[in-house]
Amino acid sequence: MLLNKLGVPRNVRLFFEPYYRVLADGSIAFPFGDEFEHVAPNLHRLPTAVNPWTAGCGPLVFISFSAMEAISFLSFSAHSFPDLDLLQFIAVGNHWENIPSITGKTTLLFGKDILGRLTDVKVSAALRTKKIAIRYTGDEEFHIDGHRFSEGQLTLNAFEKTLGIRSGIRTVKPRSYNTFFEQIKYQNL
């Protein structure tokens, strides 16, 4: 019922159905190994789990903090993917260092805020097995591996251009909200 209330299209609900369970109170649990992401109308709890949540096994890979972010993204974008079997979603919770190796085309679904943009940079580097140091120096400025970025300027694209990197990793952000889950909640609840 919760996904239906949120306006998640039927084909998207069917795609994700094997990857979650509905609890007795109607809330939803997404397994992250021994932990789980818990979603109810007034609750969203992300685990700090070593094992990520995964759905699908296609070559088009989407990485986010939460399973609900993945479902929300696909709710808005399903029209762009006529064959959902080509998709794979990975939610990392609050512990993104253990992302499994990825062989497909990768898109990051982290928020528009500074935390999401910093995560884009860290996850992109982790996918290339590179460790980078990010240091906040105050005055809305970050030093990343010896390069300075203002908070407003910091994006994965700006970072890669500055370092001369072409990872091929994309980012997708919602237009009017920080996250896709935020967008679906405020448009449908």
Side-chain angles (χ1 to χ4, degrees), residues 32 37 46-183:
F32 281 69
E37 176 180 345
L46 274 178
T48 302
V50 175
N51 300 314
W53 170 85
T54 59
C57 57
L60 302 176
V61 181
F62 298 86
I63 302 173
S64 64
F65 283 124
S66 75
M68 275 310 300
E69 184 69 5
I71 290 171
S72 301
F73 163 77
L74 193 55
S75 295
F76 293 115
S77 306
H79 63 278
S80 300
F81 305 103
D83 185 0
L84 298 183
D85 289 335
L86 295 176
L87 307 180
Q88 177 182 4
F89 291 89
I90 300 171
V92 295
N94 294 320
H95 196 285
W96 49 265
E97 282 114 358
N98 291 332
I99 297 173
S101 64
I102 296 170
T103 56
K105 184 176 175 182
T106 305
T107 302
L108 304 178
L109 303 174
F110 300 108
K112 284 187 350 184
D113 62 0
I114 190 62
L115 178 61
R117 290 181 281 136
L118 286 167
T119 304
D120 288 337
V121 171
K122 285 293 269 189
V123 169
S124 172
L127 289 171
R128 293 187 323 273
T129 63
K130 304 270 187 230
K131 290 198 180 239
I132 59 170
I134 297 176
R135 195 180 83 204
Y136 181 68
T137 60
D139 297 327
E140 298 181 359
E141 188 172 273
F142 294 88
H143 286 210
I144 305 174
D145 280 358
H147 300 278
R148 292 179 179 195
F149 296 90
S150 70
E151 184 175 322
Q153 149 192 55
L154 182 62
T155 64
L156 178 59
N157 185 35
F159 170 74
E160 288 186 345
K161 279 184 179 178
T162 300
L163 272 69
I165 300 168
R166 297 185 97 193
S167 68
I169 296 171
R170 293 182 40 212
T171 63
V172 178
K173 312 283 185 204
R175 290 190 183 162
S176 302
Y177 294 88
N178 183 43
T179 66
F180 291 103
F181 185 39
E182 193 176 275
Q183 182 176 346

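- Between the side chain of K122 and the main chain of R117, no donor-acceptor pair closer than 3.5 Å is present.
- Using cut-offs of 30° and 60° on the angle between ring planes, the pair Y136 and F142 is tilted.
- Side-chain N/O atoms of S176 and Q183 include no donor and acceptor closer than 3.5 Å.
- Side-chain N or O atoms of E69 include none that pairs as donor or acceptor with a backbone N or O of T179 at under 3.5 Å.
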Practice prompt. Test side chain to side chain contact (heavy atoms under 4.5 Å, CB included) on I102 and L127 and set out the steps.
Written response: CA-CA 8 Å; I102 296 170; L127 289 171; 3.6 Å; yes

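- Of all non-hydrogen atoms in L108 and S124, the two that sit nearest each other are CD1-N, 4.4 Å.
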Item to complete: Quick one: do I63 and F89 satisfy side chain to side chain contact (heavy atoms under 4.5 Å, CB included)? Show the steps, please.
Response: CA-CA 6 Å; I63 302 173; F89 291 89; over 6 Å; no

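- In this structure, CG on L118 lies 11.0 Å from OG1 on T155, to the nearest 0.5 angstrom.
- One N or O on the side chain of N178 and one on the backbone of D113 form a donor-acceptor pair closer than 3.5 Å.
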Worksheet item: Please walk me through it: do T162 and F149 pass side chain to side chain contact (heavy atoms under 4.5 Å, CB included)?
Response: CA-CA 10 Å; T162 300; F149 296 90; 3.6 Å; yes

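- Here the shortest heavy-atom pairing between W53 and A70 reads CZ3-CB, 4.2 Å.
- Side-chain atoms of D139 never come within 3.5 Å of backbone atoms of E141 as a donor-acceptor pair (strictly under, hydrogens ignored).
- How far NZ of K130 is from CG of L163: 11.0 Å, rounded to the nearest 0.5 Å.
- Here the CG atom belonging to D120 is positioned 12.0 Å from the CZ atom belonging to R170, to the nearest 0.5 angstrom.
- Residues F62 and F81 bring their aromatic ring centres within 6.0 Å.
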Worksheet entry | Steps toward side chain to side chain contact (heavy atoms under 4.5 Å, CB included) verdict (L154, I114) | CA-CA 8 Å; L154 182 62; I114 190 62; 3.9 Å; yes

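- Here the CD atom belonging to E140 is positioned 12.5 Å from the CD atom belonging to Q153, to the nearest 0.5 angstrom.
- No more than 12 heavy atoms of other residues, nucleotides or ligands shown are found within 6.0 angstrom of CZ on R148.
- Judged by distance alone, with hydrogens and angles left aside, the side-chain atoms of K173 form a donor-acceptor pair with the main-chain N or O of G111 at under 3.5 Å.
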